[in-house]
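Following: one structure in structure tokens, then a few remarks.
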Number of protein chains: 2
Amino acid sequence: MRKDAQINQQKILNAAAKLFKERAVSTVSMKDIAQVAGIGTGTLYRNFPNKSELCMALSLDYIQQFITGEEAQLHNSTSSVTKQFEDFLTRWLEFRERRIQLLTEIETGPSVMSTFYHSQLYKQLVNLTMQALKPISDNISESELKFRADMLISMLKSDSFAYQREQGLTREQITSNISHLMIKRCD
Amino acid sequence: MRKDAQINQQKILNAAAKLFKERAVSTVSMKDIAQVAGIGTGTLYRNFPNKSELCMALSLDYIQQFITGEEAQLHNSTSSVTKQFEDFLTRWLEFRERRIQLLTEIETGPSVMSTFYHSQLYKQLVNLTMQALKPISDNISESELKFRADMLISMLKSDSFAYQREQGLTREQITSNISHLMIKRCD
DNA sequence: TTGACAAACGGAGCATGCTCCGCTTATTAT
DNA sequence: ATAATAAGCGGAGCATGCTCCGTTTGTCAA
């Protein structure tokens with residue numbers, strides 16, 4: 001990679017971060033970012049094929065951090081498996097709420113299929129979710145576990161989450177409802 | 001409502017239906033539709049505030065029909081509750097697959113929140129799903145039932161469904177996995 | 001029938017995401 | 001140092017969703 005290209009990539013990330021701090025992510029146009037970065041739009045798009053992928057690049061650190069933290073929790077915690085799962089959910093929802101703008105951009109972009117689902121990020125998220133689900137899902141095949149992880153992620157996507165919040169549910173209520181649904185129960 | 005307005009609305013629906021039959025929904029622009037309908041784009045947008053809502057209007061008949069059919073099934077069927085739920089899922093997935101382009105447009109539009117979630121259509125869909133879920137969900141509050149219906153719909157949205165299909169799952173496998181997840185089980 | 005006017009029309013035009021391609025520049029072999 | 005060249009740059013420009021607003025028309029009271 002040429003040195004100027006590397007510099008430009010950094011300029012873009014800095015400019016985007018700056019603008020996203022100043023105003024709502026959805027109101028920041030790619031042109032704005034290019035302008036603030038002091039480069040052409042062509043250069044911007046060569047580095048990040050669309051706005052969603054740019055947002056993903058900016059989220060990567062946050063998510064990586066979240067995943068690392070959660071994996072540590074899952075290995076060290078001594079709480080009951082149920083409690084562990086609920087705590088995981090709670091923290092995931094907190095994380096979502098904190099990064100909602102970036103995540104919404106990623107999840108509602110025009111090419112979710114190729115951008116989000118095929119990303120390294122999604123794979124890692126599934127992985128983590130599978131780890132969180134496994135202890136509360138007895139007698140389940142690996143493929144079904146993967147399926148449930150996909151479903152859990154889908155349930156808590158921006159749109160759906162925002163809708164539940166709008167309906168008046170608190171994060172706690174959502175956590176409780178989800179865990180009631182996902183945890184193998186015999187009542 | 002003025003008579004010319006009424007006529008134009010019909011012209012739009014006809015033009016859209018015609019174009020959507022000829023080529024992929026996503027490749028048909030609003031300008032195309034206005035042109036074929038023989039009206040200005042302003043008129044088009046006064047009738048349907050965005051492409052998603054136009055697609056919803058076109059889907060309404062299909063979905064209404066589906067809902068009516070399913071409600072009849074739910075009242076008349078003599079199968080076991082489990083079987084009934086699985087049949088419901090199967091037919092819902094079949095329906096999705098048949099109308100996938102319109103549904104994708106609706107569910108991935110820029111304003112899903114106001115267009116989809118706040119539509120009469122969504123309310124009816126939730127209603128139906130709650131009816132389908134109720135027999136397999138003992139001891140559950142009405143609000144939790146509503147939540148589960150929301151979640152089930154969210155799990156099977158276009159993106160998520162398309163991803164599962166792409167991963168190689170058949171409709172039958174998806175049905176089976178979902179029913180295993182949603183049905184109160186004591187194994 | 002006619003006049004007044006709300007309702008509706010239509011298309012120019014704006015914003016934004018994204019592409020295309022001629023020009024510039026860092027790199028590297030000589 | 002120089003020349004050759006691939007890698008990269010940048011912004012004009014395209015497509016599309018959507019808005020704005022001056023013009024036209026259906027409706028209805030007089």
Side-chain angles (χ1 to χ4, degrees), chain A residues 1-16 19-20 22-58 101-102 104-116, chain B residues 1-16 19-20 22-58 101-102 104-116:
Chain A
M1 195 187 209
R2 261 165 58 166
K3 207 162 52 182
D4 52 346
Q6 224 166 324
I7 290 170
N8 278 327
Q9 192 156 330
Q10 203 48 58
K11 275 193 206 163
I12 292 168
L13 290 170
N14 292 342
L19 286 170
F20 289 170
E22 289 170 9
R23 47 201 170 95
V25 171
S26 65
T27 70
V28 176
S29 76
M30 292 298 261
K31 223 172 198 166
D32 291 341
I33 296 170
Q35 211 150 21
V36 169
I39 59 165
T41 57
T43 304
L44 173 50
Y45 277 96
R46 201 168 331 92
N47 280 274
F48 302 96
N50 54 59
K51 203 179 171 185
S52 294
E53 295 224 19
L54 174 52
C55 289
M56 259 188 47
L58 281 169
Q101 292 193 11
L102 279 177
T104 300
E105 195 64 45
I106 293 170
E107 289 166 0
T108 64
S111 54
V112 202
M113 212 58 202
S114 49
T115 300
F116 179 59
Chain B
M1 194 189 209
R2 260 167 58 168
K3 207 162 51 182
D4 52 346
Q6 223 166 324
I7 289 169
N8 278 327
Q9 192 158 330
Q10 203 50 56
K11 276 194 206 163
I12 292 168
L13 290 171
N14 292 341
L19 286 170
F20 289 171
E22 288 171 9
R23 47 201 171 94
V25 171
S26 65
T27 71
V28 176
S29 76
M30 291 298 262
K31 224 173 198 165
D32 291 339
I33 295 170
Q35 211 150 20
V36 169
I39 58 165
T41 57
T43 304
L44 172 51
Y45 277 95
R46 200 168 331 91
N47 280 275
F48 302 96
N50 55 58
K51 203 179 171 185
S52 294
E53 294 224 20
L54 173 51
C55 289
M56 260 189 45
L58 281 168
Q101 293 194 9
L102 279 177
T104 300
E105 194 65 44
I106 294 170
E107 288 166 1
T108 64
S111 55
V112 203
M113 211 59 200
S114 49
T115 301
F116 179 59

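Everything quoted here is computed from the prediction, not taken from an experiment. In what follows, every chain begins at residue 1, and chains take the letters A, B, ... in the order their sequences are listed.
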> Tell me the salt bridge (Lys or Arg N to Asp or Glu O under 4.0 Å) pairs involving residues 4-13 of chain A, sequence neighbours left out?
Replying inline: A/Arg2-A/Asp4
> Quick one: salt bridge (Lys or Arg N to Asp or Glu O under 4.0 Å) pairs with a partner in residues 38-47 of chain A, sequence neighbours left out?
Replying inline: none
Taking the side chain as C-beta and beyond, is there a heavy-atom pair between [X] and [Y] under 4.5 Å?
| X | Y | value |
| --- | --- | --- |
| A/Leu58 | A/Phe48 | no |
| A/Ile33 | A/Met30 | yes |
| A/Gln10 | A/Leu13 | yes |

>> Does C/dC9 have its OP1 or OP2 closer than 4.0 Å to a side-chain nitrogen or oxygen of B/Asn8?
In response: yes
Rounded to whole Å, how long is the line connecting atom [atom1] of [X] with atom [atom2] of [N]?
| X | N | atom1 | atom2 | answer |
| --- | --- | --- | --- | --- |
| A/Leu44 | D/dG10 | CG | P | 11 Å |
| B/Asn47 | D/dC18 | CG | P | 14 Å |
| B/Phe48 | D/dT19 | CZ | P | 15 Å |
| B/Gln9 | C/dA7 | CD | P | 17 Å |

>> Which residues pass the side-chain contact (heavy atoms from CB on, under 4.5 Å) test with B/Ser52, not counting sequence neighbours?
In response: B/Asn50, B/Pro110, B/Thr115
>> Using a heavy-atom cut-off of 4.0 Å across all strands, would you classify B/Ile39 as base, sugar-phosphate, or nothing?
In response: sugar-phosphate
> Hey, what bend do you get for the helix from C/dT1-D/dA30 to C/dT30-D/dA1 if you fit axes on five pairs at each end, rounded to 10°?
Replying inline: 10°
>> If the condition is salt bridge (Lys or Arg N to Asp or Glu O under 4.0 Å), which residues does A/Glu107 pass it with, not counting sequence neighbours?
In response: A/Arg96
>> Filter on side chain to side chain donor-acceptor pair (under 3.5 Å), then keep only pairs touching residues 22-41 of chain B, sequence neighbours left out; what's left?
In response: B/Lys18-B/Glu22, B/Arg23-B/Asp32, B/Ser29-B/Asp32
> How far apart are the closest heavy atoms of A/Gln101 and A/Val25, and which atoms are they?
Replying inline: OE1-N, 2.8 Å
> Where is the tightest heavy-atom contact between B/Thr43 and B/Ile12, given as atom of each residue plus distance?
Replying inline: O-CD1, 4.4 Å
>> Once rounded to the nearest 0.5 Å, what's the spacing between atom NZ of A/Lys51 and atom CG of A/Leu54?
In response: 9.0 Å
Can you name the atoms? Protein N/O to nucleotides 13-17 of chain D N/O, anything below 3.5 Å, with the distance.
from, atom 1, to, atom 2, distance (Å)
D/dG17, OP2, B/Met30, N, 3.0

> In B/S/- notation, 5' to 3', how is nucleotides 20-30 of chain C contacted by protein heavy atoms closer than 4.0 Å?
Replying inline: -----BSS---
